Engineer: 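Here you go, one structure.
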Amino acid sequence: MLVRFTKMHGLGNDFMVLDLVTQRVKVTPKLVKKLGDRNFGVGFDQLLIVEPPSEPDIDFRYRIFNQDGSEVENCGNGARCFAKFVRDKRLTGKSEVVVQTANGQMTLKIHPDKRVEVNMGAPILAPVDVPFQADQKATTYAIDVPLSQGDQQVELSAISMGNPHGVLIVDSTENAPVETLGPALEAHERFPAKANIGFMQVISRNEVNLRVFERGVGETIACGTGACAAVVAGKLRGVLDMPVTVHLPGGDLEIEWHGEGQPVIMTGPATTVYEGQIFV
Ligand SMILES: N[C@H](CCC[C@H](N)C(=O)O)C(=O)O
(Lines give C-alpha, C1' and ligand atoms only; values in the text may rest on other atoms or scores of the structure.)
Protein backbone atom coordinates (compact mmCIF):
# COMPACT_ATOMS: atom_id res chain seq x y z
CA MET A 1 0.00 0.00 0.00
CA LEU A 2 1.29 3.49 -0.91
CA VAL A 3 1.12 5.97 1.97
CA ARG A 4 1.58 9.75 1.86
CA PHE A 5 3.89 11.37 4.43
CA THR A 6 5.63 14.68 5.13
CA LYS A 7 9.25 14.99 6.28
CA MET A 8 9.70 17.80 8.83
CA HIS A 9 12.07 18.95 11.55
CA GLY A 10 12.22 21.15 14.60
CA LEU A 11 15.79 22.53 14.82
CA GLY A 12 17.06 19.41 13.06
CA ASN A 13 15.18 16.93 15.29
CA ASP A 14 13.62 15.18 12.33
CA PHE A 15 10.23 13.61 11.86
CA MET A 16 8.13 11.61 9.46
CA VAL A 17 4.56 12.89 9.82
CA LEU A 18 1.66 10.60 8.89
CA ASP A 19 -1.88 11.90 8.40
CA LEU A 20 -4.15 9.12 9.69
CA VAL A 21 -7.19 11.37 9.47
CA THR A 22 -7.45 10.88 5.69
CA GLN A 23 -5.44 7.63 5.50
CA ARG A 24 -5.53 4.32 7.36
CA VAL A 25 -2.28 2.55 8.34
CA LYS A 26 -1.83 -0.05 11.08
CA VAL A 27 1.17 1.34 12.98
CA THR A 28 3.24 -1.36 14.71
CA PRO A 29 6.67 -1.10 16.36
CA LYS A 30 8.02 -3.26 13.54
CA LEU A 31 6.70 -0.86 10.88
CA VAL A 32 8.02 2.18 12.83
CA LYS A 33 11.53 0.69 12.96
CA LYS A 34 11.40 -0.09 9.23
CA LEU A 35 10.24 3.45 8.35
CA GLY A 36 12.76 4.99 10.73
CA ASP A 37 15.72 3.17 9.23
CA ARG A 38 17.95 5.76 7.52
CA ASN A 39 19.12 3.19 4.91
CA PHE A 40 16.06 1.07 4.24
CA GLY A 41 13.26 3.49 5.10
CA VAL A 42 12.55 7.22 5.32
CA GLY A 43 14.73 7.75 8.38
CA PHE A 44 13.72 9.91 11.36
CA ASP A 45 14.23 10.54 15.07
CA GLN A 46 10.49 10.21 15.67
CA LEU A 47 7.34 9.26 13.73
CA LEU A 48 4.44 11.67 14.42
CA ILE A 49 0.88 10.46 13.87
CA VAL A 50 -2.09 12.79 13.32
CA GLU A 51 -5.38 11.15 14.30
CA PRO A 52 -8.94 12.34 14.88
CA PRO A 53 -9.69 13.16 18.53
CA SER A 54 -11.29 10.62 20.85
CA GLU A 55 -12.49 13.26 23.34
CA PRO A 56 -14.62 16.42 23.05
CA ASP A 57 -12.91 19.85 22.98
CA ILE A 58 -9.81 18.24 21.44
CA ASP A 59 -8.83 18.99 17.83
CA PHE A 60 -6.49 16.06 17.17
CA ARG A 61 -4.89 13.05 18.80
CA TYR A 62 -1.07 13.33 18.67
CA ARG A 63 0.89 10.06 18.81
CA ILE A 64 4.68 9.80 18.90
CA PHE A 65 6.97 6.85 18.19
CA ASN A 66 10.73 6.87 18.71
CA GLN A 67 13.04 5.49 16.02
CA ASP A 68 13.36 2.25 18.08
CA GLY A 69 9.61 1.65 17.71
CA SER A 70 8.65 2.67 21.25
CA GLU A 71 5.50 4.80 21.60
CA VAL A 72 6.07 7.73 23.95
CA GLU A 73 4.11 10.40 25.79
CA ASN A 74 5.40 13.66 24.32
CA CYS A 75 7.66 15.35 21.78
CA GLY A 76 8.09 19.10 21.99
CA ASN A 77 9.80 19.76 18.64
CA GLY A 78 7.26 17.43 17.09
CA ALA A 79 4.37 19.42 18.58
CA ARG A 80 5.50 22.53 16.68
CA CYS A 81 5.71 20.53 13.44
CA PHE A 82 2.30 19.00 14.19
CA ALA A 83 0.74 22.49 14.39
CA LYS A 84 2.30 23.51 11.05
CA PHE A 85 1.31 20.21 9.42
CA VAL A 86 -2.41 20.28 10.31
CA ARG A 87 -2.63 23.91 9.21
CA ASP A 88 -0.71 23.41 5.91
CA LYS A 89 -2.74 20.29 5.10
CA ARG A 90 -5.95 22.18 5.85
CA LEU A 91 -6.95 19.61 8.43
CA THR A 92 -7.91 22.67 10.45
CA GLY A 93 -8.49 26.37 9.79
CA LYS A 94 -7.45 27.28 13.33
CA SER A 95 -4.11 28.87 14.25
CA GLU A 96 -4.49 27.48 17.78
CA VAL A 97 -5.26 23.79 18.29
CA VAL A 98 -5.61 21.52 21.32
CA VAL A 99 -4.02 18.09 20.96
CA GLN A 100 -4.34 15.02 23.13
CA THR A 101 -1.20 13.00 23.84
CA ALA A 102 -0.80 9.64 25.57
CA ASN A 103 -1.05 11.18 29.01
CA GLY A 104 -2.17 14.78 28.68
CA GLN A 105 -3.03 17.59 26.33
CA MET A 106 -1.25 20.62 24.89
CA THR A 107 -2.22 23.84 23.14
CA LEU A 108 -0.30 24.70 19.97
CA LYS A 109 -0.40 28.26 18.58
CA ILE A 110 1.08 29.44 15.28
CA HIS A 111 2.36 33.05 15.55
CA PRO A 112 2.17 35.49 12.58
CA ASP A 113 5.97 35.14 12.25
CA LYS A 114 5.37 31.34 11.75
CA ARG A 115 7.07 30.40 15.01
CA VAL A 116 4.99 27.98 17.05
CA GLU A 117 4.19 28.50 20.74
CA VAL A 118 3.37 25.35 22.72
CA ASN A 119 1.76 25.28 26.14
CA MET A 120 3.45 22.09 27.30
CA GLY A 121 1.43 21.83 30.51
CA ALA A 122 2.92 21.83 34.00
CA PRO A 123 6.06 19.76 34.65
CA ILE A 124 5.60 16.69 36.84
CA LEU A 125 8.02 16.63 39.78
CA ALA A 126 6.77 13.83 42.07
CA PRO A 127 9.33 11.01 41.59
CA VAL A 128 6.64 8.32 41.39
CA ASP A 129 5.04 10.17 38.44
CA VAL A 130 8.23 10.92 36.48
CA PRO A 131 8.83 7.95 37.06
CA PHE A 132 12.07 7.99 39.07
CA GLN A 133 12.91 5.87 42.11
CA ALA A 134 13.50 8.14 45.13
CA ASP A 135 12.31 8.14 48.76
CA GLN A 136 11.05 11.71 48.52
CA LYS A 137 10.82 14.64 46.09
CA ALA A 138 13.97 16.76 45.86
CA THR A 139 15.44 19.40 43.57
CA THR A 140 18.32 17.06 42.72
CA TYR A 141 19.19 13.43 43.42
CA ALA A 142 22.56 11.68 43.78
CA ILE A 143 22.66 8.62 41.54
CA ASP A 144 25.39 5.97 41.24
CA VAL A 145 26.11 5.14 37.60
CA PRO A 146 27.84 1.86 36.70
CA LEU A 147 30.40 2.62 33.96
CA SER A 148 33.03 0.42 32.32
CA GLN A 149 35.71 2.61 33.89
CA GLY A 150 34.13 2.21 37.35
CA ASP A 151 31.12 3.59 39.17
CA GLN A 152 30.50 7.34 39.06
CA GLN A 153 28.10 9.35 41.25
CA VAL A 154 26.27 12.20 39.50
CA GLU A 155 23.70 14.78 40.64
CA LEU A 156 20.60 15.22 38.50
CA SER A 157 17.07 16.58 38.47
CA ALA A 158 14.25 14.15 37.59
CA ILE A 159 11.39 15.86 35.74
CA SER A 160 8.54 14.72 33.49
CA MET A 161 7.18 16.82 30.64
CA GLY A 162 4.78 13.97 30.00
CA ASN A 163 7.94 12.01 29.19
CA PRO A 164 10.75 11.34 31.69
CA HIS A 165 13.93 13.46 31.83
CA GLY A 166 17.10 13.49 33.89
CA VAL A 167 18.95 16.84 33.79
CA LEU A 168 22.60 17.35 34.78
CA ILE A 169 24.45 20.68 35.00
CA VAL A 170 27.88 20.52 33.33
CA ASP A 171 30.70 23.06 33.01
CA SER A 172 30.67 22.76 29.22
CA THR A 173 28.36 20.96 26.81
CA GLU A 174 31.26 20.74 24.34
CA ASN A 175 33.08 18.12 26.43
CA ALA A 176 30.10 16.75 28.37
CA PRO A 177 30.18 12.92 28.75
CA VAL A 178 27.06 12.47 26.57
CA GLU A 179 28.34 9.30 24.86
CA THR A 180 29.08 7.52 28.17
CA LEU A 181 26.69 8.96 30.77
CA GLY A 182 23.85 9.36 28.25
CA PRO A 183 23.15 5.68 27.58
CA ALA A 184 24.08 4.64 31.15
CA LEU A 185 21.51 7.07 32.63
CA GLU A 186 18.89 6.51 29.88
CA ALA A 187 18.64 2.86 30.94
CA HIS A 188 19.39 3.37 34.66
CA GLU A 189 17.31 1.16 36.99
CA ARG A 190 16.10 4.26 38.89
CA PHE A 191 14.31 5.35 35.68
CA PRO A 192 11.91 2.37 35.35
CA ALA A 193 10.53 3.74 32.04
CA LYS A 194 14.02 4.84 30.94
CA ALA A 195 14.64 8.57 30.42
CA ASN A 196 15.90 11.35 28.18
CA ILE A 197 19.14 12.75 29.62
CA GLY A 198 19.96 16.47 29.33
CA PHE A 199 23.43 18.02 29.81
CA MET A 200 22.98 21.74 30.55
CA GLN A 201 25.68 24.44 30.68
CA VAL A 202 24.44 27.63 32.37
CA ILE A 203 25.80 30.64 30.44
CA SER A 204 23.80 33.32 32.25
CA ARG A 205 20.57 33.53 34.26
CA ASN A 206 18.66 33.70 30.96
CA GLU A 207 20.76 31.53 28.64
CA VAL A 208 21.93 27.91 28.57
CA ASN A 209 23.59 25.44 26.22
CA LEU A 210 21.99 21.99 26.12
CA ARG A 211 22.70 18.57 24.64
CA VAL A 212 20.22 15.70 25.02
CA PHE A 213 20.69 11.95 24.83
CA GLU A 214 17.15 10.93 23.91
CA ARG A 215 15.38 7.77 25.11
CA GLY A 216 14.87 5.42 22.19
CA VAL A 217 17.04 7.39 19.76
CA GLY A 218 20.41 8.49 21.15
CA GLU A 219 21.76 12.05 21.00
CA THR A 220 19.59 14.28 18.84
CA ILE A 221 20.57 17.79 17.73
CA ALA A 222 17.52 19.24 19.45
CA CYS A 223 14.96 18.08 22.04
CA GLY A 224 11.95 20.25 22.89
CA THR A 225 10.80 18.46 26.04
CA GLY A 226 14.47 18.27 27.03
CA ALA A 227 14.78 22.05 26.74
CA CYS A 228 11.67 22.46 28.90
CA ALA A 229 12.93 20.01 31.53
CA ALA A 230 16.32 21.74 31.63
CA VAL A 231 14.77 25.16 32.26
CA VAL A 232 12.54 23.72 34.99
CA ALA A 233 15.59 22.13 36.61
CA GLY A 234 17.57 25.37 36.37
CA LYS A 235 14.78 27.45 37.90
CA LEU A 236 14.26 24.93 40.72
CA ARG A 237 18.03 25.06 41.40
CA GLY A 238 17.88 28.87 41.55
CA VAL A 239 20.26 29.47 38.62
CA LEU A 240 17.81 30.66 35.95
CA ASP A 241 15.37 33.55 35.51
CA MET A 242 12.67 33.78 32.82
CA PRO A 243 12.62 33.75 29.87
CA VAL A 244 15.46 31.41 28.97
CA THR A 245 17.08 31.00 25.57
CA VAL A 246 18.13 27.37 25.19
CA HIS A 247 20.95 26.89 22.67
CA LEU A 248 20.78 23.37 21.23
CA PRO A 249 23.19 22.08 18.57
CA GLY A 250 20.37 22.49 16.01
CA GLY A 251 19.29 25.99 17.08
CA ASP A 252 17.52 28.01 19.79
CA LEU A 253 14.27 27.62 21.72
CA GLU A 254 12.62 30.20 23.99
CA ILE A 255 11.30 28.65 27.20
CA GLU A 256 9.31 30.23 30.01
CA TRP A 257 8.18 28.69 33.33
CA HIS A 258 6.94 30.60 36.40
CA GLY A 259 6.97 27.90 39.04
CA GLU A 260 5.32 24.73 40.28
CA GLY A 261 1.82 24.15 38.95
CA GLN A 262 2.43 26.61 36.12
CA PRO A 263 2.71 25.50 32.45
CA VAL A 264 5.99 25.52 30.55
CA ILE A 265 5.73 27.62 27.38
CA MET A 266 8.06 26.72 24.51
CA THR A 267 8.39 28.80 21.33
CA GLY A 268 10.39 27.92 18.25
CA PRO A 269 10.39 27.05 14.54
CA ALA A 270 8.88 24.18 12.55
CA THR A 271 10.09 23.27 9.07
CA THR A 272 8.71 21.17 6.21
CA VAL A 273 11.48 19.53 4.15
CA TYR A 274 9.64 17.41 1.57
CA GLU A 275 6.46 15.48 0.76
CA GLY A 276 6.74 11.77 -0.04
CA GLN A 277 5.01 8.48 -0.59
CA ILE A 278 6.20 5.09 0.66
CA PHE A 279 5.04 1.48 0.29
CA VAL A 280 4.10 -0.07 3.65
N1 LIG B 1 12.78 10.57 22.91
C2 LIG B 1 11.66 11.15 23.64
C3 LIG B 1 10.52 11.55 22.67
C4 LIG B 1 10.90 12.70 21.74
C5 LIG B 1 11.29 13.93 22.50
C6 LIG B 1 12.00 15.02 21.69
N7 LIG B 1 12.27 14.73 20.32
C8 LIG B 1 11.31 16.37 21.87
O9 LIG B 1 11.42 17.23 20.98
O10 LIG B 1 10.70 16.57 22.96
C11 LIG B 1 11.14 10.12 24.67
O12 LIG B 1 11.40 8.93 24.49
O13 LIG B 1 10.47 10.54 25.63
Side-chain angles (χ1 to χ4, degrees), residues 7-17 27 29 32-33 36 43-49 62-85 99 101-106 108 115-121 123-124 129-132 157-167 178 182-183 185-188 191-200 210-233 246-255 257 263-271:
K7 191 72 174 27
M8 302 184 78
H9 73 82
L11 299 179
N13 183 198
D14 69 326
F15 311 111
M16 175 182 181
V17 188
V27 179
V32 173
K33 288 168 80 170
F44 50 70
D45 290 335
Q46 279 87 29
L47 171 66
L48 309 181
I49 304 279
Y62 169 33
R63 295 176 70 191
I64 304 119
F65 291 83
N66 280 324
Q67 190 188 75
D68 70 355
S70 57
E71 183 165 7
V72 292
E73 310 87 347
N74 203 356
C75 176
N77 288 323
R80 301 196 312 276
C81 291
F82 190 106
K84 174 175 173 57
F85 178 87
V99 302
T101 59
N103 62 2
Q105 66 181 62
M106 297 188 290
L108 322 176
R115 292 192 312 156
V116 183
E117 177 186 313
V118 182
N119 177 328
M120 300 287 289
I124 297 161
D129 297 325
V130 172
F132 177 72
S157 299
I159 291 158
S160 170
M161 289 306 304
N163 57 348
H165 290 263
V167 182
V178 178
L185 286 167
E186 180 216 12
H188 197 281
F191 284 108
K194 296 187 175 182
N196 304 280
I197 307 301
F199 299 81
M200 171 168 64
L210 180 70
R211 290 173 64 186
V212 182
F213 187 93
E214 282 200 31
R215 177 178 63 169
V217 185
E219 182 174 5
T220 57
I221 65 172
C223 179
T225 51
C228 295
V231 169
V232 169
V246 179
H247 302 298
L248 295 138
D252 296 351
L253 288 174
E254 299 303 321
I255 309 290
W257 181 58
V264 181
I265 308 297
M266 168 189 66
T267 305
T271 306

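Ligands are counted one by one from 1 in listed order, and the atoms in each one are counted from 1 as well. Bear in mind that the values here come from a model prediction, so they are computed numbers and not experimental data.
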Engineer: By number and element, which atoms of ligand 1 are closer than 4.0 Å to a non-hydrogen atom of G224?
Structural biologist: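 Close to G224: 8 (C), 9 (O), 10 (O).
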Engineer: Do ligand 1 and N13 have nitrogen or oxygen atoms that lie under 3.5 Å from each other?
Structural biologist: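 So ligand 1 has an N or O lying under 3.5 Å from an N or O of N13.
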Engineer: For K7, I'd like to know if atom NZ has over 12 heavy atoms of other residues, nucleotides or ligands within 6.0 Å.
Structural biologist: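 Yes, because the 6.0 Å sphere around NZ of K7 holds more than 12 heavy atoms from other groups.
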Engineer: Would you say the side-chain atoms of Q105 pair up with the backbone N or O of G121, donor to acceptor, closer than 3.5 Å?
Structural biologist: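 Not confirmed, Q105 side chain does not pair with G121 backbone.
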Engineer: Quick one: does C223 get a heavy atom under 4.0 Å from ligand 1?
Structural biologist: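 Contact present.
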Engineer: Minimum heavy-atom separation for P164 to E73, with atom names?
Structural biologist: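 Closest heavy-atom pair between P164 and E73: CD-OE1, 4.0 Å.
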Engineer: Yes or no: does V72 have any heavy atom under 4.0 Å from an atom of ligand 1?
Structural biologist: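 Yes, V72 has a heavy atom closer than 4.0 Å to ligand 1.
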Engineer: Relative to ligand 1, is Q46 under 4.0 angstrom through side chain, backbone, both or neither, heavy atoms considered?
Structural biologist: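 Looking at Q46 and ligand 1, just side chain atoms fall under 4.0 Å.
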Engineer: Please state which protein non-hydrogen atom is closest to atom 1 (N) of ligand 1 and give its distance, to 0.1 Å?
Structural biologist: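 Ranked first by proximity to atom 1 (N) of ligand 1 is E214 OE1, 2.8 Å.
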Engineer: Is a donor from one side chain sitting under 3.5 angstrom from an acceptor on the other, for N77 and Q46?
Structural biologist: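 No, no side-chain donor-acceptor pair sits under 3.5 Å.
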Engineer: Can you list the atoms of ligand 1 that are under 4.0 Å from a heavy atom of N66?
Structural biologist: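 Matching atoms, with element in brackets: 1 (N), 2 (C), 3 (C), 11 (C), 12 (O).
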Engineer: Would you check if the side chain of Q67 reaches a backbone N or O of F44 as a donor-acceptor pair within less than 3.5 Å?
Structural biologist: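 Yes: the side chain of Q67 pairs with the backbone of F44.
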Engineer: Nearest heavy atom to atom 3 (C) of ligand 1: which of V118, N196, T225, N74 does it belong to?
Structural biologist: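 Shortest heavy-atom distance from atom 3 (C) of ligand 1: N74.
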Engineer: Is there a donor-acceptor contact under 3.5 Å from the side chain of N13 to the main chain of I221?
Structural biologist: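 Checking the backbone N and O of I221 against the side chain of N13, no donor-acceptor pair under 3.5 Å is found.
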Engineer: Just checking, any donor-acceptor pair under 3.5 angstrom between side chains of N74 and T225?
Structural biologist: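 No.
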Engineer: Any N or O of C75 that comes nearer than 3.5 Å to an N or O of ligand 1?
Structural biologist: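 It does not: no N or O of C75 is found under 3.5 Å from an N or O of ligand 1.
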Engineer: Using a 4.0 Å heavy-atom cut-off, say whether N77 meets ligand 1 through its side chain, its backbone, both or neither.
Structural biologist: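 Within the 4.0 Å criterion, N77 contacts ligand 1 through backbone and side-chain atoms alike.
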